[in-house]
Amino acid sequence: MDEIVQLLRQAKGMLERAERLALERARLGATDSARTSNGLEDPQSPASWLRFLRFLRAVEKEGVDGVDANRQRELMAAAGYPDNRAAGGFFGGNKPSLLRDPDTDQRYLTDEGRRLIEEGRLRFGADIDELPPSAAKERRA
């Protein structure tokens with residue numbers, strides 16, 4: 001009986017290690033493919049998700065006061081969006097990630113936006129925090 005218990009424990013340990021390796025490889029594979037420009041036209045590709053999450057994270061880094069329309073455009077360009085036409089997707093749907101204050105025109109993360117950032121950290125790790133050097137320079141100015 002002790003031998004069976006020991007074998008089961010060993011098998012459990014091997015399965016847990018295999019699961020950790022598989023998750024890490026999946027995360028690295030998604031991050032590697034997202035670093036290339038391929039796949040941006042597919043909204044479900046890892047590259048598109050990483051771009052989306054980097055933009056949301058950049059808005060979050062701006063602080064609780066949100067961002068104005070000009071800063072939103074700058075952050076979108078820094079995250080890799082070709083122009084401002086894609087901005088409507090952040091505000092629409094059943095679960096918008098951004099909210100626009102009609103009085104001040106400031107844009108803020110919604111609870112859904114913050115949830116997506118947390119989910120993105122699990123999927124891509126610290127890669128969602130990477131802002132191109134030009135965006136970091138603009139932020140300091």
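Along the sequence shown, residues carry numbers from 1.
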Looking at every heavy atom in both [X] and [Y], which two are closest together, and how far apart are they?
{"X": "Trp49", "Y": "Leu116", "answer": "CZ3-CD2, 4.5 Å"}
{"X": "Glu112", "Y": "Pro96", "answer": "CB-O, 3.5 Å"}
{"X": "Phe124", "Y": "Leu50", "answer": "CG-CD1, 3.8 Å"}
{"X": "Gly66", "Y": "Glu62", "answer": "O-CB, 4.3 Å"}

Once you round to the nearest 0.5 Å, how far does [atom1] of [X] lie from [atom2] of [Y]?
{"X": "Leu98", "Y": "Leu109", "atom1": "CG", "atom2": "CG", "result": "6.0 Å"}
{"X": "Glu119", "Y": "Leu56", "atom1": "CD", "atom2": "CG", "result": "11.5 Å"}
{"X": "Ser97", "Y": "Asp111", "atom1": "OG", "atom2": "CG", "result": "12.0 Å"}
{"X": "Leu75", "Y": "Arg57", "atom1": "CG", "atom2": "CZ", "result": "12.0 Å"}
{"X": "Leu53", "Y": "Glu118", "atom1": "CG", "atom2": "CD", "result": "11.0 Å"}
{"X": "Thr110", "Y": "Lys95", "atom1": "OG1", "atom2": "NZ", "result": "10.5 Å"}

**Request:** Go through the steps for Glu74 and Arg71 under the test side chain to side chain contact (heavy atoms under 4.5 Å, CB included), then give the verdict.
**Result:** CA-CA 5 Å; Glu74 291 169 1; Arg71 186 63 179 145; 2.8 Å; yes
**Item:** Test item: Arg54 side-chain N/O and Asp127 main-chain N/O as donor-acceptor pair under 3.5 Å
**Value:**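 Checking the backbone N and O of Asp127 against the side chain of Arg54, a donor-acceptor pair under 3.5 Å is found.
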**Request:** Going by the salt bridge (Lys or Arg N to Asp or Glu O under 4.0 Å) test, name the single residue among Arg121, Arg114, Arg107, Arg115 that passes it with Glu60.
**Result:**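 Answer to the salt bridge (Lys or Arg N to Asp or Glu O under 4.0 Å) test with Glu60 among Arg121, Arg114, Arg107, Arg115: Arg121.
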**Request:** Kindly determine whether Lys61 and Asp129 satisfy side chain to side chain contact (heavy atoms under 4.5 Å, CB included), including the steps that lead there.
**Result:** CA-CA 9 Å; Lys61 285 180 179 181; Asp129 292 318; 4.0 Å; yes
**Message:** Under 4.5 Å between side-chain heavy atoms, counting indirect links through other Ile/Leu/Val/Met/Phe/Trp/Tyr residues: same cluster for Ile117 and Tyr81 or not?
**Reply:**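 Yes, same cluster.
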